[in-house]
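As structure tokens, the structure follows; a few thoughts come after it.
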Protein chains: 4
Amino acid sequence: MNKAVRPSRPQTRRQRVEEKEQAIIAAARAVFGKNGFDKAKIAEIAKRAGVAEGTVYLYFENKNALLLAVATEFYDRLTHDAAEGIKSLPDTKSRLAFLARHHVERVAAEWPMLSTAMMPFKASDEYRQTEGYQLNRTYVEVFDQVIRDGINRGDIRTDVPLSVMRDIFYGGLEYGARTLRMRPDRADLDETVDQMMQILSVGMLVKPAAVDTDGGAADAVLDRLEKIATRLETTAATTD
Amino acid sequence: MNKAVRPSRPQTRRQRVEEKEQAIIAAARAVFGKNGFDKAKIAEIAKRAGVAEGTVYLYFENKNALLLAVATEFYDRLTHDAAEGIKSLPDTKSRLAFLARHHVERVAAEWPMLSTAMMPFKASDEYRQTEGYQLNRTYVEVFDQVIRDGINRGDIRTDVPLSVMRDIFYGGLEYGARTLRMRPDRADLDETVDQMMQILSVGMLVKPAAVDTDGGAADAVLDRLEKIATRLETTAATTD
Amino acid sequence: MNKAVRPSRPQTRRQRVEEKEQAIIAAARAVFGKNGFDKAKIAEIAKRAGVAEGTVYLYFENKNALLLAVATEFYDRLTHDAAEGIKSLPDTKSRLAFLARHHVERVAAEWPMLSTAMMPFKASDEYRQTEGYQLNRTYVEVFDQVIRDGINRGDIRTDVPLSVMRDIFYGGLEYGARTLRMRPDRADLDETVDQMMQILSVGMLVKPAAVDTDGGAADAVLDRLEKIATRLETTAATTD
Amino acid sequence: MNKAVRPSRPQTRRQRVEEKEQAIIAAARAVFGKNGFDKAKIAEIAKRAGVAEGTVYLYFENKNALLLAVATEFYDRLTHDAAEGIKSLPDTKSRLAFLARHHVERVAAEWPMLSTAMMPFKASDEYRQTEGYQLNRTYVEVFDQVIRDGINRGDIRTDVPLSVMRDIFYGGLEYGARTLRMRPDRADLDETVDQMMQILSVGMLVKPAAVDTDGGAADAVLDRLEKIATRLETTAATTD
DNA sequence: TATGAATGAGGTTTCATTCAT
DNA sequence: TATGAATGAAACCTCATTCAT
């Protein structure tokens, strides 16, 4: 039934195995995402992956392990791309903007899977001891590092704990992502993320508002105004 | 049919019936919350409620109807208390603070139930057509009204859509609530909410930096300032 | 909810009781008839009878007893009317015709009830020991008596056992009744019964049939033989 | 896919599968037959078939489908054997006799199953639209054909509709079969069928039958023949 | 007598997991 | 390794029957 596909025929045995594992994970992600973990059937995952039911159990201990594999793959990529993305960005604000854009993009795309399938990893009181928690921990560590860096640079206010910032950042973004998903048009993703960042960055950044905590952007305004003033002064002096 | 209700012990039949219904809903909330809707067993709910399994079906058509009842009751109370709470508060900022406190308090308390059991109401793409969505819609309407009011009063920035504010507000709070739950000590609830509000109110409110909050408007302001500066420079030069 | 119905208000307590019993039996007949005994729900019977579920159990030990009551009432009336009907009929043939008409009429009317609800009384190997069997036994006794009478009068053939005649008579009629029910028009009931009787009476009756029934081809044979005999007689006479 | 089937022990996989399917159908036939469809438990069917409960659902969608399978198999064989049996029989009478014998034999053997389990297929008013009806339709078509043939040959009377004949034929036989079942000795099956046919064939056949069938009327015929003979003798004597 | 809420045993069906091939 | 038929535990739900009022 599955004629050997010529061009991309996997060479080594190991490659073939990995390919199949990937196929199962991909199928699982789709099926878990459709109606959640509990309603997902191994049979459907197997069919989608093009393998027999029993084969799934050759690659994964059980349904839970399969979910963990899906989650791991998802988070690994998420974390990797996040870390990679901020490398070239110089300032805190643009880094946060990138992380926001990146997160919303991925979360919006995988929302069904995330919201339902991964619940088992989040629900319990012992969440912190689960692998799911650890995955998430590693991911948000990228954000945490940006914030810590920002604090060192004097960009980030220090009167609010990192954990609070993190919760608002990701919590807000996730709600936003969900709202986005419910709309027919996704074209406004960029705009929405911008708007979210306008609120978030004002709340987290320091600079100008250092005085009254107010919006962060005021800093920039003041900076520029100061420069203009200086120029004016210079001009005035010259004019004199 | 409505005999004058006299407060005897188990009281009137109707009261007893309502009491039992409440017991079942309470039990269901607890059990749904433990491991999610799918893993919840009617048998356990019945046992917790102190009734026979069949009795549950006397009060609720099926498992789904029971979940809906739980959600409805939860949201009804949530909405009612929210609306009631802001009545006596005069200014936008204190209203938002109240809503935040109220939400976190309730959500933190009911997080297990919310996060898992109500997923069926949130997961699907047709979420907006579900009763779950409507319940939530009614609830956040309270927040929306506060924001609209705040805009009229000039308290709330207008360059970010209400929906974005709402997502960040509730999304952030919910993450925060979850984090709170994972800590052994809940004593710091007040403090945490305060901190969250520091970020959120700075992001949403106008006042403190009515002028300089940046917001998108800052750019425009800066643009104009820059033009003015340029004109001044030119003028200065020319004047020379 | 049940206003006292004036005109037919039952006088004695006993009458009221009997009325309720009848109501329950009638309701049961209808409900049993709809989908069979097993699918019939006591709750529906109670509602139809205008009583509470528990009340049914005041009048009947259990569901089986209720079915038996329905069957008993049905057979009692059936038997009574059959016995009454043949009283005034003088000859075997018209009696059988009456029984056939009577049976088809009743069976066609009550077919749903009979075919499904009363199965429990017919199915088992121990049928002969059931009350259902006895009811039926009493009913067909009317037929048996007609046949025995007919034999004494020389109307009924004696080379076929009564039991065989009975089976064919009632078996045939019942199938016929069922077929009738499946047709939209019941107008042809009389005609169909006539046709069935043409077959059955030819098969069971002795002489008279020979003349008029045609059916019995024997008549024709005899006719021919008689003619031959006549011819022979004539010939013989002539030959002489 | 169709490897040459070599008769090993449990043989090919396909054979084993078919064997198991047959085992389940056979078990279902027995269990359905015992107390009817509703009272039959899948658990018992599974146990009888020597498989796990779940296995039943591997072969049949649900309980109803299983019943349909039982009915289909039964009717298929019944129809096949009926059609096969009449092939070599030359005259209408012997064909009908064969069909009667065949029907009673099968129906008597399977009466429990038929009478109870298949009720769901017969009870409803929409019977004609059910698969059960179609199965039966196909079966009686064999009978119908014999009758139509008989009419063409001048064997069958034409003043009674085919449908009426069919109902009496099968209705009568079925009652007869049931009666047979209730007796401990089945030895008299042949005799009983003969007797039933004596009534039925007299009723349905046209003249000639009377001669050789002896049909029930033979006695009367003989009686009358004797009288004629006597007359002839007398005549002869007189002539002398 | 009458009610109808409550019971709880039991049946059908699903599906993760196993295992013989 | 791969298969997919087989398993059987377990869950939802129904409904005859009981019993407190």
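First the proteins, then the strands, lettered A, B, ... as listed; each starts at 1.
Among the nucleotides F:dT18, E:dT17, F:dT14, the one closest to the side chain of A:E53 is E:dT17. Side chain of C:Y57, nearest nucleotide from E:dA16, E:dA2, F:dT17: F:dT17. Closest contact between the side chain of C:L58 and the listed nucleotides E:dT12, F:dG4, E:dA2 involves E:dA2. Checking E:dA16, F:dT18, E:dT7 against the side-chain heavy atoms of B:V51 singles out E:dT7 as nearest. Minimum atom distance to the side chain of D:T55 is reached by F:dT7, of the listed F:dT17, F:dC13, F:dT7. When distances are taken from the side chain of D:K63 to each of F:dT17, E:dA5, E:dT12, the shortest belongs to E:dT12.
The interatomic distance linking D:K41 (NZ) with E:dG10 (P) rounds to 9 Å, in whole Å. Atom pair C:N64:CG and F:dC15:C1' shows a separation of 15 Å (rounding to whole Å applied). Across the protein-nucleic acid pair, B:E18 atom CD and E:dA5 atom P stand 14 Å apart, rounded to whole Å. Look at CD1 on D:I45: it is 15 Å from P on F:dT7, rounded to the nearest Å. Rounding to whole angstrom units, CZ of residue B:R16 and C1' of E:dG4 are separated by 12 Å. What separates CG of C:L66 from P of F:dC15 is a distance of 16 Å, to the nearest Å. Remark: C1' of F:dT14 and CD of B:E61 are 12 Å apart, rounded to the nearest angstrom. Here the C1' atom of nucleotide F:dT17 and the CZ atom of C:F60 are 16 Å apart, to the nearest Å.
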key: Pair assignment for DNA chain E - dot-bracket with | for other-strand partners, Watson-Crick or G-U under 3.5 Å   = .||||||||||||||||||||
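For the residue pair D:Y57 and D:I42, the shortest heavy atom distance occurs at OH-CG1, 3.5 Å. The heavy-atom pair separating C:V70 from C:A28 by the smallest distance is CG2-CB, 3.7 Å. Here the closest heavy-atom approach between residue A:L66 and residue A:I24 is recorded as CD1-CG2, 3.9 Å. A pairwise comparison of heavy atoms in C:F32 and C:A40 identifies CD2-CB, 3.4 Å as the closest pair.
Looking only at side-chain heavy atoms (C-beta outward), A:R14 and A:E18 come within less than 4.5 Å of each other. Side-chain contact check for D:L67 versus D:F60: every heavy-atom pair is 4.5 Å or farther apart. Contact check for B:E44 versus B:R48: side-chain heavy atoms found under the 4.5 Å cut-off.
Nearest-nucleotide mapping onto DNA chain F: of A:A52 and D:V56, the residue sitting toward the 5' end is A:A52. DNA chain E is contacted by both B:Y59 and A:G54; B:Y59 maps to the nucleotide lying nearer its 5′ end (nearest heavy atom per residue). Annotation: of the two residues near DNA chain E, A:I42 and D:N62, the 5′-most nearest-nucleotide partner is D:N62.
Applying the 4.0 Å criterion to OP1 and OP2 of F:dA2, one finds that A:K20 has a side-chain N or O inside that range. For E:dG11, neither phosphate oxygen OP1 nor OP2 lies less than 4.0 angstrom from any side-chain nitrogen or oxygen of D:K39.
When heavy atoms are screened at a 4.0 angstrom cut-off, C:A40 is found touching the sugar-phosphate backbone but no base atom.
Side chain of C:K39 to main chain of D:D38: no donor-acceptor pair is present (N/O by atom type, distance under 3.5 Å, no hydrogens or angles).
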